[in-house]
Every structure is written in C-alpha cells, then in structure tokens.
Amino acid sequence: MNKKLLAEICKTPGAPGYEDRVRKLVLREIESLCDEVEVDNMGNVYGIRKGKSDKSVMIGAHMDEIAFMVTYIDDKGFIRFTTLGGFDPKTLTAQRVIIHGKEDVIGVMASKPIHVMTQDERNKVAKLTDYFVDTGLSAEKVKELVSIGDVITREREFIEMGDCFNSKSLDNRLAVFIAIEVLKILKGKELPNDVYMVFTVQEEVGIRGANVASLNIKPTFGFGLDTTIAFDLPGAAAHEQITKLGEGTAIKIMDASTICDSRMVRYMKEVADRNKIKWQPEILTAGGTDTAGIQRMSPGGSIAGAVSIPTRHLHQVIEMAHKDDIQASIDLLASCLLELNQFNLEY
C-alpha cells in the first residue's frame, strides 16, 4: 500500500469549495491512468476510461474535508469563524488549525480557560460560538494576512498505529486514495462499460459536486465511495456499532439519504464472495454520501450502491481506519467495475 501517497492526500488542505490543492494532486496522479481527464465548472475531476458498451458507471469520491471560514477579526487579532460541514464542538478544544490567507498562518482553537469559568459555565455543553482562533500575531499582522472569507483547515500529522492509519481527513481522502489505486488496477484492462471516476467537491456541505456530475454523466450504474462509522468502542451496544475495524470493507444497504438499489447490493455481495473479499453490511441511520446524488440526480436515476470504509472517530482529527479494510475496499470496487457485464438487471 502506498502509504506515502495516502499521507500526502490526507495532509493536503481542501475545504469545501476550496479543493484546489487536492485537485492538483489528483490531476497529477490520474493523468496517465485515464483515456480522458476533465474538470467541470464546479471543480469536479473526471477520470474517464472507455468501455465496450454504451452504458456508463460513475464513482463518486469527494475531495473536500470539514473546515471553517473566517467571519470576523476583532481589534486584538482574534478570529471568529463559521463551520463548513458537521462538527462536534467538544472536538475543537486544544486543536491547531491553518488559516489559508495571503499565506498559510498557523493558529489554535481557543476558548475561555476552565480556571476562570463559573460553575454554571463548567457544566454547560461547549458551543461552536465559544471558540475563536489565536494566531499569536498582532492584530495588524493578522489583518494583513487574513481576510473575511478565508478558509481554515485542521492541522494534524498522518501516522501509523498498529494495523491502522490515523489522521485528520480520512473522511474522505481514503476514498480519493482508493479511487486512484483502482484506476491503477484498471489501466490496460478491457472494461465492460465507460467508467467515470469522479473526484467531487462540496460533499460535506450538501453533496453538491456529485449532483452536478451525475446530471452531466447520466450514469447507468453508480458507486459512492466514502467512509462510514465504526463504533466498535467501549460502551457501544452490538446493534449500535454500524461497522467494525478489521472486519472488511462495508457494502452500504442504506443511510439517511440513500436506500441503495437492491440489485446493486446483491451484485456487490456476490462479487465480494466470488473474489473472497472480506465485507460487512452497513446500515447508517444518519448522514449521507455522494451515493444520493449519483443515484437520483439524472433522468431516470442510476442503479447505485456504495463501498464504505469503516472508520473510527469520524469528523475528528484522530480518524482511524484499518489497512486491511482499505485494501478490501480497493479490491471490491475494482472487481465490481471489471465484472459489471455480469450484472443482473432483474429484480
């Protein structure tokens, strides 16, 4: 597994709507792997491989990560922000961030010290509005480098922990990495259908890039490619766990935005079993992925499913995924694309 590439993808900043650096990296990696490469007006990247039939398959792997945007700079240089994507406020405590202004500026998420809180304040659940960014710079310097509307991303190293990788933004840079690795597997192989490997934008704020790409491609088949919750942790009841690390890639059955096509779910299970790929079912009662846009944002819709990568501690800077599950996700998606001529359209 190309750990160096995965680390680079995870560490590269890419807030929703500001995926430029990730896009540049993706274009560098896929240029030699595709018959055509396109970028649309929203910034989605299409890696296109031509197949034998007139049918097409779209895969959506979003490039953006949850992030922030500068809304105010006070007269002391402290920065207020709004969120781009879903955050649990308590995860912001004591985190470093990078403000992408005229140059990158390091800051820290700060709030009122516990030593000077009242008892009532200590007992309250933290709110996003309790936090601000401290850069350690003078107000004059901050205002020289930072403007309202600049985006802020989280700063954290990519590391190996046992059999796992741990980093910020595994959601969804794991999918970006997997999509690139699948294109490498497909290179030089005859494909049953046209393959559109789409690296999408603005998923974390509403599946926006995937909607546009699906309208453009009008795919017959579709696969979302994203992380999912692994809640195999102390205190979790068996029925709450969604997925477990090390138990294989996950085949999505449903989430809050998508009920995957029953034919596609059946097909994916058959492909996994036939190729001896370890898998587990995923039913997620909250949240959604690009699968929703792929499935229904084109005339007549597409026959869609999703490959999900089990991940602990989602939307934190300590997201964790098992190496074997990542490899199983690569293997399952590649096998599904290569064997789509065996797909049974019957209900």
Side-chain angles (χ1 to χ4, degrees), residues 9 19 22-23 26-27 29-30 33-40 42-51 53 55-64 171-187 189 191-201 203 207 209-228 249-252 255 258 260-261 264-265 267-268 271-272 277 282 288-298 301-309 326 328-341 343:
I9 293 170
E19 297 92 351
V22 185
R23 181 165 42 250
V26 167
L27 289 169
E29 291 295 320
I30 71 169
L33 305 175
C34 302
D35 300 319
E36 301 172 22
V37 176
E38 298 176 0
V39 180
D40 68 20
M42 275 197 76
N44 295 309
V45 176
Y46 301 71
I48 305 167
R49 282 290 318 279
K50 294 297 184 180
S53 79
K55 294 182 174 67
S56 61
V57 53
M58 172 181 166
I59 305 93
H62 73 86
M63 297 183 287
D64 58 313
D171 177 10
N172 191 34
R173 304 300 169 65
L174 276 176
V176 171
F177 171 76
I178 289 167
I180 293 169
E181 294 302 298
V182 168
L183 284 173
K184 292 176 183 176
I185 293 171
L186 299 184
K187 186 177 181 181
K189 289 185 168 62
L191 302 176
N193 307 280
D194 291 345
V195 170
Y196 289 79
M197 192 72 77
V198 187
F199 301 84
T200 64
V201 298
E203 189 272 352
I207 314 177
N211 288 343
V212 168
S214 187
L215 284 165
N216 186 17
I217 297 167
K218 302 178 180 62
T220 310
F221 306 105
F223 295 92
L225 182 57
D226 208 331
T227 55
T228 190
T249 185
I251 296 174
K252 187 184 291 292
D255 59 31
T258 310
C260 292
D261 193 292
M264 182 60 83
V265 173
Y267 168 72
M268 293 175 71
V271 170
I277 299 167
E282 178 211 0
T289 68
D290 279 347
T291 316
I294 296 168
Q295 184 183 52
R296 60 178 184 262
M297 291 303 291
S298 63
S302 72
I303 300 170
V307 175
S308 300
I309 309 100
I326 299 169
S329 300
I330 294 169
D331 296 341
L332 179 59
L333 181 57
S335 297
C336 283
L337 295 174
L338 287 166
E339 298 175 26
L340 259 176
N341 58 333
F343 188 92

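- The closest donor-acceptor contact from the side chain of Ser302 to the backbone of Ile294 lies under 3.5 Å.
- Side chains of Asp226 and Lys252 form no contact here, defined as non-hydrogen atoms less than 4.5 Å apart.
- The two residues Asn44 and Val201 come nearest to each other via the heavy atoms OD1-N, 3.0 Å.
- Side-chain polar atoms of Thr227 and Asn172 form no donor-acceptor pair below 3.5 angstrom.
- Nearest approach of Gly60 to Thr200, heavy atoms of both residues: CA-CG2, 4.4 Å.
- Closest of all the heavy-atom pairs between Gly288 and Asp255 is CA-OD2, 3.7 Å.
- With a 4.5 Å cut-off on side-chain heavy atoms, Glu19 and Phe199 do not count as touching.
- Considering only heavy atoms from C-beta on, Leu337 stays 4.5 Å or farther from Ile185 through its side chain.
- If you check the side chains of Tyr196 and Asn216, you find no donor sitting under 3.5 Å from an acceptor.
- Using modelled atom types, one side-chain atom of Arg173 and one backbone atom of Met63 make a donor-acceptor pair closer than 3.5 Å.
- Residue Asp171 comes nearest to His62 through the heavy atom pair OD1-NE2, 3.4 Å, listed as atom of the first residue, atom of the second, then distance.
- In this structure, Ala306 and Thr291 approach most closely via the heavy-atom pair CB-OG1, 3.4 Å.
- Across all their heavy atoms, Asp290 and Glu203 have their closest contact at OD1-CG, 3.1 Å.
- With hydrogens and angles disregarded, a donor-acceptor distance shorter than 3.5 Å links the side chain of Arg23 to the backbone of Gly43.
- To the nearest 0.5 Å, atoms OG1 (Thr228) and CD (Glu282) are separated by 3.0 Å.
- At least one donor-acceptor pair under 3.5 Å links the side chain of Ser335 to the backbone N or O of Asp331.
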